[in-house]
Novice: 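Just dropping this structure here.
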Amino acid sequence: MVQFVRLFLILFAAAAGLSGPARSGQPVAIELVLAVDTSISVSAAEYQLQMQGIAQALRHPDILAAISDQPGGVAITLVHWSLGSRNRQAVGWHWLKSDAEVFDFASEIERAPRIGAGRGTSISDAIVFSTRLLAENEFAGRALKIDISGDSRHNSGPSPHAARDLAVLAGVTINGLVIEDGDRNLGEYYRQLVIGGEGAFVMSVDRNRDFALAMQRKLARELAPIAALPTSVFSLAGCKTCGQPADKISTDGASP
């Protein structure tokens with residue numbers, strides 16, 4: 001109970017900072033936190049594949065074009081998460097407006113050492129940490145987004161839905177990218193308890209080697225106009241039945 005109250009108070013303070021009077025700071029189109037699971041369920045090889053996958057996705061021509069088209073650019077940071085005390089901002093906030101700035105950010109991600117490899121997985125702590133970063137930075141984004149990727153369910157601390165709900169009330173959209181390592185229902189779990197906000201969605205992949213393609217598709221969707229994005233579940237392995245039709249994304253680069 002004490003842990004829940006502490007989480008609630010921290011997140012409430014962060015949410016108040018986001019939803020109060022107009023925020024001062026550098027205007028940007030989107031503030032985006034890329035929050036990557038670095039708990040011990042993720043092997044060293046999987047970690048490298050994820051960092052390389054994010055960097056490759058950012059360098060894709062479609063993503064470069066999407067970023068350069070954003071009025072005011074995009075503010076983005078990388079977080080390594082597992083448990084609250086171990087969560088860290090692995091790469092600080094970058095203001096991306098040009099291809100050169102995106103390439104620099106991608107290179108920093110590839111070089112980022114792994115930190116925060118805790119023995120538990122607390123998605124609620126990841127949401128709280130990421131929301132505080134959105135509330136306390138020097139930018140004023142028209143859209144606020146958290147991109148949470150992971151390969152397992154929450155197993156430490158209060159359920160993530162409470163943190164999710166408070167963040168959404170503050171105007172934050174939380175999207176998910178799940179690596180289904182034996183848990184075929186992980187995408188549905190994220191849909192029910194993790195993602196939320198305007199245009200929220202979750203994508204899933206079967207294998208870490210699909211991570212780069214999934215991240216590319218995910219970034220393209222997160223950088224698209226919100227009005228065009230229904231809440232849904234995507235999978236590189238095929239359609240998920242999650243209470244509504246899900247779009248399919250295939251590994252050969254074609255999508256319906």
Side-chain angles (χ1 to χ4, degrees), residues 6-39 50-51 54 58 67 70 72-96 101-102 104-106 108-109 112-118 121-150 154 157-158 160 162-177 194-198 200 215 218-219 222-223:
R6 178 178 177 275
L7 180 149
F8 178 87
L9 291 174
I10 291 173
L11 188 53
F12 181 82
L18 290 173
S19 59
R23 299 169 63 208
S24 61
Q26 175 61 51
V28 295
I30 299 170
E31 296 174 41
L32 175 61
V33 178
L34 298 176
V36 180
D37 182 2
T38 54
S39 62
Q50 289 184 55
M51 294 302 101
I54 294 172
L58 285 165
I67 291 174
Q70 298 293 329
V74 175
I76 187 169
T77 186
L78 176 73
V79 164
H80 288 176
W81 67 272
S82 57
L83 293 172
S85 61
R86 293 182 173 271
N87 294 341
R88 295 291 185 273
Q89 194 173 9
V91 179
W93 285 103
H94 279 54
W95 184 17
L96 306 182
E101 289 165 336
V102 177
D104 286 344
F105 180 65
E108 286 198 40
I109 289 176
R114 180 175 184 171
I115 51 180
T121 301
S122 179
I123 299 174
S124 57
D125 281 341
I127 293 172
V128 170
F129 187 84
S130 299
T131 303
R132 291 181 69 179
L133 290 178
L134 290 170
E136 297 172 358
N137 65 44
E138 61 185 19
F139 299 99
R142 287 188 294 278
L144 308 173
K145 300 186 179 186
I146 300 172
D147 177 335
I148 296 183
S149 61
H154 175 90
R164 183 267 315 274
D165 291 348
L166 274 176
V168 168
L169 282 173
V172 177
T173 295
I174 303 172
N175 298 317
L177 174 56
V194 179
I195 70 167
E198 193 170 12
M215 182 57 69
K218 192 167 189 292
L219 286 172
E222 284 168 332
L223 295 170

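Side chains are part of it too, since the values below use all heavy atoms of this structure and drop only hydrogens, waters and symmetry mates.
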Novice: With the side chain counted from C-beta on, respond yes when Phe129 and Val33 share a heavy-atom pair under 4.5 Å apart, and no when they do not.
Specialist: no
Novice: Keeping the roles fixed (side chain from Thr173, backbone from Ala200), state whether a donor-acceptor pair exists under 3.5 Å.
Specialist: no
Novice: If the condition is side chain to side chain contact (heavy atoms under 4.5 Å, CB included), which residues does Val91 pass it with, not counting sequence neighbours?
Specialist: Leu78, His94, Phe105, Glu108, Ile109, Ala112
Novice: Does Glu101 have any side-chain hydrogen bond (donor to acceptor under 3.5 Å, both in side chains) partners at least two apart in sequence or in another chain, and if so, which?
Specialist: Lys97, Ser98
Novice: Can you find a pair of side-chain heavy atoms, one from Gln50 and one from Asp37, that are under 4.5 Å apart?
Specialist: no
Novice: Given Ile67, which of Ile76, Val102, Ile30 fulfils the side chain to side chain contact (heavy atoms under 4.5 Å, CB included) condition?
Specialist: Val102
Novice: Could you tell me which non-hydrogen atom of Gln70 sits nearest to which non-hydrogen atom of Ala29, and how far apart they are?
Specialist: OE1-CB, 3.4 Å
Novice: Is there a side-chain contact between Leu134 and Phe139, using heavy atoms and a 4.5 Å cut-off?
Specialist: no
Novice: Give me the atom names and distance for the closest heavy-atom approach of Val168 to Gly197.
Specialist: CG2-N, 3.5 Å
Novice: Quick one: list whatever passes side-chain hydrogen bond (donor to acceptor under 3.5 Å, both in side chains) with Gln26, sequence neighbours left out.
Specialist: none
Novice: Could you report the tightest heavy-atom contact between Glu31 and Gly141, atom names first, then the distance?
Specialist: OE2-N, 2.6 Å
Novice: Go through it in stages, so that I can follow the logic: the residues are Asp147 and Met215, the test is side chain to side chain contact (heavy atoms under 4.5 Å, CB included), and I'd like the CA-CA distance, side-chain angles, deciding distance and then a yes or no.
Specialist: CA-CA 10 Å; Asp147 177 335; Met215 182 57 69; 3.9 Å; yes
Novice: Return the CG to CZ distance between Asn137 and Arg132, rounded to the nearest 0.5 Å.
Specialist: 13.0 Å
Novice: I'd like to know if the side chain of Lys145 reaches the main chain of Glu222, judged simply by a donor and an acceptor atom lying under 3.5 Å from each other, with no hydrogens or angles considered.
Specialist: yes
Novice: From the options Ile174, Ile195, Asn175, select the one residue that forms a side chain to side chain contact (heavy atoms under 4.5 Å, CB included) with Ile146.
Specialist: Ile174
Novice: If every non-hydrogen atom of Pro158 is compared with every non-hydrogen atom of Ser124, which pair is closest and at what distance?
Specialist: O-OG, 3.0 Å
Novice: Taking all non-hydrogen atoms of both residues into account, name the closest pair between Leu133 and Trp93 and its distance.
Specialist: O-CZ2, 3.6 Å
Novice: The test is side chain to side chain contact (heavy atoms under 4.5 Å, CB included); show your working for Ile127 and Thr131 and say whether it passes.
Specialist: CA-CA 6 Å; Ile127 293 172; Thr131 303; 4.0 Å; yes
Novice: Supply the atom-to-atom distance Ser130 OG to Leu144 CG, rounded to the nearest 0.5 angstrom.
Specialist: 12.0 Å
Novice: Do Leu34 and Leu219 make a side-chain contact, defined as non-hydrogen atoms from C-beta onward lying under 4.5 Å apart?
Specialist: yes
Novice: Looking at Gly72 and Val28, what are the two nearest heavy atoms and their distance?
Specialist: O-CG1, 3.6 Å
